[in-house]
Amino acid sequence: MATNTSPPVLRGKSTWKGKEQEQDFEDLNSTITYRHILQQNLGVRDPLRVVALCDSDAFYAACEMIRLGVKDKPLVVLQWEGIIAVNYPAREYGITRFHKLADAKERCPELMIVHVATYKEGEAEPGYWDKVDSRTHKVSLDYYRRESAKVLTMFKEGLPDAEIEKASIDEAFIDFTKPVRKELLRRYPHLANVPHDAPNGLDTPLPAPPKVDMALDSNVIPSEADDDTTWHDVALSIAAEMMHKVRVDIASKLGYTTSAGLARNKFLAKLSASYKKPYSQSVLRNCAIPNYLKPIPFQKIRFLGGKLGDALAKEYDVSTVQDLLPVTLEEMQHKFGENAIWVYEILRGIDRSEVKEKSIVNKSMLASKNLQKPITKASDGQHWIRVLAAELALRLNDACKANPNLWPKTLVIHARRGYEVTRSKQAPFPFSREVTVDLIANAGNKLWAELVGKDSGPMKVTNVSLAFTGIEVAEEGQQNIDGFFRADGQFSKRPRESETDGDSGTNAEPLEGDCTTSFSCSKCRRKISLSPTQTLGASLEEKNRALNNLRAEHEDFHFAQAVAREVEVEPEDITEKSVSPGGGKKRKRKDPAPVGIEKFFSRR
DNA sequence: CATTAGGTGAAG
DNA sequence: CTTCACAA
């Protein structure tokens with residue numbers, strides 16, 4: 001499964017010391033002193049650093065097996081005509097992704113085939129249907145996202161002291177350095193006390209480490225010589241114990257088997273995880289790094305799988321790590337500039353990138369649809385935008401259940417015509433407490449018109465996607481000042497709620513009567529009141545809160561109306577200037593008859 | 001070799 | 001703001 005990554009940008013200055021560089025890999029065998037074990041904040045330089053990469057085996061397939069209560073039977077997950085996941089039993093028949101379904105069935109007649117969940121017209125939620133049709137359905141990966149979240153939660157609960165970085169839907173990096181140091185000092189308390197006769201005080205090397213057997217719960221990646229145990233090995237073995245415990249717990253409680261790699265840094269952890277699969281973990285000792293790394297095709301290394309790796313392969317006409325070791329840093333810098341130091345170090349088993357805990361909520365949320373038959377009419381685009389908007393609304397509102405006050409700062413639309421590059425258009429997304437399908441679809445349609453509307457000719461759009469980006473948890477007071485109001489084709493600040501409601505249009509003018517149960521809207525000249533059930537037994541504070549909610553909802557209503565007026569597009573001739581500024585001749589579809597999916601989704 | 005439906009982060 | 005690169 002793909003991992004989410006960032007390119008190999010340099011973080012800070014390289015500290016590689018030339019020191020004639022007699023040997024590659026010289027950095028792997030530093031002596032560990034009392035200072036090293038007692039100092040807590042060595043970060044990526046910590047000689048006792050231990051990082052793991054743990055990923056779920058054939059994750060989508062495993063999700064379906066658990067959902068269906070299937071065990072140990074060959075199974076593939078289908079997305080339209082393509083196989084997107086193959087469980088391990090099915091792999092024994094030689095089935096892989098990108099096999100044709102017919103081919104896979106031939107290899108294994110009893111193969112179980114599960115199509116991913118889809119949104120289907122007329123259904124409220126994504127589901128698993130007997131018949132799927134890519135012309136009308138849209139894939140939903142939400143089930144996998146939820147299962148992924150369960151696994152991540154078990155990592156966090158099982159390893160409270162560890163730093164955990166979700167790397168993709170089925171992978172996480174775990175930095176064990178802190179919990180391991182703690183356990184190391186608990187098991188070997190003498191390490192905490194520098195002996196009085198220590199020749200160099202804190203900088204005295206630690207006493208000899210105990211013998212540890214890492215093979216109890218892990219595969220130990222072989223080293224050339226049978227090196228003595230080091231303190232880093234002890235650290236690795238403690239981390240391996242912890243990792244193993246959590247993995248077993250996840251397998252027993254959730255049913256997902258995982259594979260993990262443990263090593264001194266992220267890239268080696270990732271590389272080690274694939275040493276043996278499935279349901280297995282592998283440990284790469286420092287002394288084993290050179291031999292493990294040298295024969296590996298460098299393009300398998302994280303960040304070298306793309307253009308940079310290609311460029312390296314082409315430049316030196318080589319393929320393995322070993323092949324690149326003779327290239328000097330200077331030469332590499334000459335050819336590859338800023339990336340050179342990073343590459344140079346990676347080839348020697350050094351990776352200074354940190355395991356960074358990410359926010360629980362994603363920063364973006366994207367719904368996308370490929371059209372096998374390109375769409376040519378603007379109205380088709382609007383149809384799919386509505387479907388995508390419905391999915392985004394469902395997912396965002398769902399995310400809000402666990403994490404209230406989520407607010408996407410921008411809405412982005414992407415479209416691809418034929419085989420051209422994807423183009424996008426974005427605009428600030430208004431704050432509103434209730435994100436509705438209409439709100440998203442209207443804003444999306446507007447962007448759609450800007451993106452493809454002005455181009456002439458038949459459009460032949462082969463992909464449409466809609467995304468929220470910049471999703472954040474709004475701060476307490478932030479909701480009141482932020483929020484945008486679209487006018488004249490631009491979003492502008494839309495002050496909200498009582499303290500800033502100078503021009504909000506819904507001033508709470510305390511008319512006659514109880515100002516804690518009603519307000520009047522200056523925009524539509526209506527008096528809005530709480531219902532009797534909301535006022536009956538409610539305290540003043542409760543009523544005020546309810547009234548504020550009501551006011552905000554009413555404001556959202558006006559906002560949606562305003563956007564709807566602006567966004568209204570002539571479906572048939574979108575190529576003309578049909579988006580009139582300010583909202584000229586508008587008619588039709590004040591509230592179109594709900595069709596398909598959207599009829600069930602929050603139109604509220 | 002390739003596809004779909006995602007994500008993140010940086011460059012320009 | 002928009003595109004690109006990476007991930008398999």
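Computed from a prediction, not measured in an experiment: that's the story for all the values here.
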Quiz item: Taking atom P in both C:dC6 and B:dA5, what distance in whole Å separates the two?
Solution: 23 Å
Quiz item: 5'-most contact on DNA chain B: A:Met365 or A:Gln372, nearest heavy atom basis?
Solution: A:Gln372
Practice problem: Round to the nearest Å and state the distance from A:Leu392 atom CG to B:dA5 atom C1'. | Solution: 13 Å
Quiz item: Nearest to the side chain of A:Val139, which nucleotide is it out of B:dG6, C:dT2, B:dA5?
Solution: B:dA5
Exercise. With sequence neighbours left out, write down each residue that passes side-chain hydrogen bond (donor to acceptor under 3.5 Å, both in side chains) with A:Asn265, or none if nothing qualifies.
Key: none
Quiz item: Reckon A:Leu304 touches a base, only the sugar-phosphate, or nothing at all at heavy-atom distances under 4.0 Å?
Solution: sugar-phosphate
Quiz item: For the residue pair A:His115 and A:Trp80, is the inter-centroid distance of their aromatic rings smaller than 6.0 Å?
Solution: yes
Quiz item: Roughly how many Å is it from CG in A:Leu411 to C1' in C:dT2, rounded to a whole number?
Solution: 15 Å
Could you list the donor-acceptor pairs under 3.5 angstrom formed by side chains in residues 309-319 of chain A, with sequence neighbours left out?
residue  : atom : partner  : partner atom : Å
A:Asp310 : OD1  : A:Gln299 : NE2          : 2.8
A:Glu315 : OE2  : A:Lys335 : NZ           : 3.1

Quiz item: With respect to the phosphate group of B:dG7, does any side-chain polar atom (N or O) of A:Arg395 fall under 4.0 Å of OP1 or OP2?
Solution: yes
Quiz item: Would you say B:dG9 has OP1 or OP2 under 4.0 Å from some side-chain N or O of A:Lys363?
Solution: yes
Self-check item: P atoms of B:dG6 and C:dA5, separation to the nearest Å
Solution: 22 Å
Practice problem: Could you check how far CG of A:Asn463 sits from C1' of B:dT4, rounded to whole Å? | Solution: 9 Å
Self-check item: Results of side chain to side chain contact (heavy atoms under 4.5 Å, CB included) for A:Pro374 - residues two or more places apart only
Solution: A:Lys460, A:Thr462
Quiz item: Which is true for A:Gly82 with a 4.0 Å heavy-atom rule: it touches a base, it touches only sugar-phosphate, or it touches nothing?
Solution: nothing
Quiz item: Parallel under 30°, tilted from 30 to 60°, perpendicular over 60°: which one fits the rings of A:Tyr256 and A:Phe59?
Solution: tilted
Quiz item: For the pair made of CD1 in A:Ile413 and P in C:dC1, what is the distance, rounded to whole Å?
Solution: 16 Å
Self-check item: Phosphate OP1/OP2 of C:dA5 contacted by A:Lys307 side-chain N/O (<4.0 Å)
Solution: yes
Quiz item: Taking atom C1' of B:dG9 as reference, at what distance in whole Å does atom CD of A:Glu354 sit?
Solution: 16 Å
Self-check item: Whole angstrom value for the distance that separates P of C:dA5 from CG of A:Leu312
Solution: 16 Å
Exercise. Report the nucleotide, chosen from C:dT2, B:dG7, B:dG6, that has the shortest atom-to-atom distance to any side-chain atom of A:Ser368.
Key: B:dG6
Exercise. Side chain of A:Lys138 only, please: which of B:dG6, C:dT2, B:dG7 is the nearest?
Key: B:dG6
Quiz item: Taking OP1 and OP2 of B:dG7, is either one under 4.0 Å from a side-chain nitrogen or oxygen of A:Ser168?
Solution: no
Exercise. Tell me which nucleotide among B:dT8, B:dG7, C:dC6 gets nearest to the side chain of A:Leu366.
Key: B:dG7
Quiz prompt | Contacts of type side-chain hydrogen bond (donor to acceptor under 3.5 Å, both in side chains), residue A:Ser368, not counting sequence neighbours | solution = none
Self-check item: Distance, rounded to the nearest Å, where A:Gln299 contributes CD and C:dC6 contributes P
Solution: 11 Å
Quiz item: Does the side chain of A:Ser424 get closer than 4.0 angstrom to OP1 or OP2 of C:dT3 through an N or O atom?
Solution: yes
Anything under 3.5 Å between a protein N or O and an N or O of nucleotides 1-3 of chain B, put it in a table, one pair a line.
none

Quiz item: For A:Lys369, which residues count as a side-chain hydrogen bond (donor to acceptor under 3.5 Å, both in side chains) partner, sequence neighbours excluded?
Solution: none
Quiz item: To the nearest angstrom, how far is A:Lys409 atom NZ from B:dT8 atom P?
Solution: 14 Å
Quiz prompt | Nucleotide nearest A:Arg145 when distance is taken to its side chain, options B:dG7, B:dT8, B:dA5 | solution = B:dG7
Quiz item: Are A:Phe303 and A:Trp342 close enough that their ring centers fall under 6.0 Å?
Solution: yes
Quiz prompt | Residue A:Lys277 excluded, over 12 heavy atoms near NZ under 6.0 Å | solution = yes
Practice problem: Counting heavy atoms from C-beta on, name the nucleotide in B:dT8, C:dC1, C:dC6 closest to the side chain of A:Asn362. | Solution: B:dT8
Quiz item: OP1 or OP2 of B:dT4 sitting under 4.0 Å from any side-chain N/O of A:Lys369?
Solution: no
Practice problem: Specify the residue among A:Ser364 and A:Leu371 whose closest nucleotide of DNA chain B lies further upstream toward the 5′ end. | Solution: A:Leu371
